[in-house]
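Okay, so here's the structure we're looking at.
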Amino acid sequence: MTKRKLLYTAFIVSVSLWWGWTVLVDLIVIPTVFKTIHEFFKAGDLGIAVFSRLNRLELMLSSLLVVLTGFQVRTRRSALPLLIVAILAWGIVMFY
């Protein structure tokens, strides 16, 4: 496998993981917490704890995406829009 294909594969796998666990937490885990735990504030505390842990994972993965796309831009200027999107995604993670 060439270096270029390896970078694209790592990028696609990373983005897929990110979207996968975000959908899992947002659409399955948190609604289940609020349905199971009837005390609203305890469920809210658990939701905050889950999202805090998820944010740490998102920070690591978004940083990896910025690095991977940075390597791509060094070899191919046409990957610049991907780098901009990766930096925006990293910025969103840093904001919340």
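Just so we're clear, the structure is a prediction, and the values are computed from it rather than from any experiment.
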**Report entry** Test side chain to side chain donor-acceptor pair (under 3.5 Å) applied to Thr32 - qualifying residues, sequence neighbours left out
**Finding:** none
Requested in this report: Check step by step if side chain to side chain contact (heavy atoms under 4.5 Å, CB included) holds for Glu58 and Ile92.
Outcome: CA-CA 10 Å; Glu58 288 176 331; Ile92 290 169; over 6 Å; no
Query raised in the report: Roughly how far apart are Leu68 CG and Leu61 CG, rounded to 0.5 Å?
Result: 9.0 Å
Query raised in the report: Taking it one step at a time, do Phe71 and Thr75 satisfy side chain to side chain contact (heavy atoms under 4.5 Å, CB included)?
Result: CA-CA 7 Å; Phe71 283 133; Thr75 58; over 6 Å; no
Query raised in the report: Are Leu59 and Ile48 co-members of a hydrophobic cluster defined by side-chain heavy atoms under 4.5 Å apart?
Result: no
Query raised in the report: How long is the gap from CD1 on Ile12 to CG on Leu17, to the nearest 0.5 Å?
Result: 11.5 Å
Query raised in the report: What heavy-atom pair brings Ala10 and Ser14 nearest, and what distance separates the two atoms?
Result: O-OG, 2.8 Å
Query - Heavy-atom closest pair, residues Val50 and Val25 - result: CG1-CG1, 3.8 Å
Report task. Check whether any side-chain heavy atom of Phe51 lies under 4.5 Å from a side-chain heavy atom of Asp26, and answer yes or no. Result -> yes
Query raised in the report: How far apart are the closest heavy atoms of Val93 and Asn55, and which atoms are they?
Result: O-ND2, 3.4 Å
Query raised in the report: Sequence neighbours excluded, which residues qualify as side chain to side chain contact (heavy atoms under 4.5 Å, CB included) partners of Ala43?
Result: Val33, Phe34, Ile37
Requested in this report: Sort out for me which residue in Thr69, Leu65, Val66, Leu82 forms a side-chain contact (heavy atoms from CB on, under 4.5 Å) with Ile87.
Outcome: Val66
**Report entry** Steps toward side chain to side chain contact (heavy atoms under 4.5 Å, CB included) verdict (Trp90, Leu64)
**Finding:** CA-CA 10 Å; Trp90 181 83; Leu64 175 67; over 6 Å; no
Query raised in the report: Roughly how far, to the nearest 0.5 Å, is CZ of Phe41 from CG of Leu46?
Result: 15.0 Å
Query raised in the report: Trp18 and Val85: same hydrophobic cluster, using ILVMFWY side-chain contacts below 4.5 Å?
Result: no
